[in-house]
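In listed order, ligands and their atoms are each counted from 1. Atoms considered below: every heavy atom in the structure, side chains included; atoms not considered: hydrogens, waters and symmetry mates. Keep in mind that what you see is a predicted model, and the values were worked out from it rather than measured.
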Amino acid sequence: MLKKMGAVGLSLAIVFMLGCGKDEAATSSSAVEVQQKFTWRLVTTWPKNFPGLGSAPENFAKAVTEMSAGRLTVKVYGANELVPAMEVFDTVARGAAEMGHGAAYYWKGKSPASQFFTAVPFGLNAQEMNGWLHYGGGLDLWRDLYSDFNLIPFAGGSTGVQMAGWFNKEINSVADLKGLKMRIPGLAGEVLQRLGGIPVTLPGGELFTALQTGSIDATEWVGPYNDLTFGLHKAAKYYYYPGWHEPGAMLEFIVNKDAWNSLPKDLQAIVSYATRAMNQDMLDEYTARNNAALKELVETHGVQVKQLPEEVLVALKQASDEVIAEVIAKDDNAKTVYESFKAFRDDVMPYTAISEKAFIDARE
Ligand code: CA
């Protein structure tokens, strides 16, 4: 009896010791990770705290700090606080900041293929763009492309369909685009050029002054919510729709690959899911905030909201097809990315027509 009890006691003791050893090992390894704290710098192409575009990195930083219980702290820098807007990509690539928030089409000089991850004229709306990136292979292609730059991209929010922009004169025909100096980045800028316009790329913070002083004749920016903030209605009279050029402009978070690899798996998961949450959150913010801003622009500031004539849209569409054909003929990466994009667009259009479009038509 005693002997038996002794044996049981011994095996219980062994189990207990083994259990302790295992627990101790697990506890001490996670304790090291829990104690290790990371502070990241996040540089953006937007003015600090700019509504919508600038809310996403701020909300991301807050979410990450909360979810990691302070193990990963992210400090957000607006344009020109640490580096100018157009240096965000290079800064994160070389690791002088761990993260960035901006738009891939600003980096077309690095790779023409990057443009397809922000906006393609007459391309995908926000919902479709998210579908392509997350369930249609788009994000994998984006990551392949940025891998050469030591960067990992994440979808970073969508504005939804934008406005065609602010013009200091009426656009009644294609001829009115000739000689028009307009801030319009990415593929759309090349489309404007094909129709005789002069595209320029400027960061958002410079648009009001450029338009007011007449150094540009027109600018696109985002939509009522953001355009009102910049006061663009004080610099131009005519506000045109639809945003043919940016039907679902997608922003980006970029992470330096070495910084990413230095994070434990759970913090990587927090960063990854936080970007995904902010990606949707931005669209929610625009969907809620554009409406009152449009009302204020029209009712308080007397802005003239106008639709681009059919003839102009048809010409823009044709020029877009030509520009895209040229871009992909010159660059293999652009060709690969666009083939995937186009296949998704061809696939998604018939169902969008009998779902979202048919419903919106019926509702009206
Ligand atoms: Ca825009």
Sequence-distant partners of F122, ring-ring contact (aromatic ring centres under 6.0 Å, His included), two or more places apart:
W244
State yes or no: are the ring centers of F167 and Y239 separated by less than 6.0 Å?
no
Can you tell me if, anywhere in Q162, an N/O/S atom lies at a distance from the Ca ion (ligand 1) that is smaller than 3.0 Å?
yes
Side-chain donor-acceptor pair under 3.5 Å between Y225 and E285, yes or no?
yes
I'd like to know if the side chain of Q304 pairs up with that of Y240 as donor and acceptor (distance under 3.5 Å, no hydrogens or angles considered).
no
At the Ca ion (ligand 1): angle between E246 atom OE2 and W221 atom O, to 10 degrees:
170°
Is G243 close enough that one of its N/O/S atoms sits under 3.0 Å from the Ca ion (ligand 1)?
no
Closest to the Ca ion (ligand 1), which N/O/S atom of E220 is it?
OE1
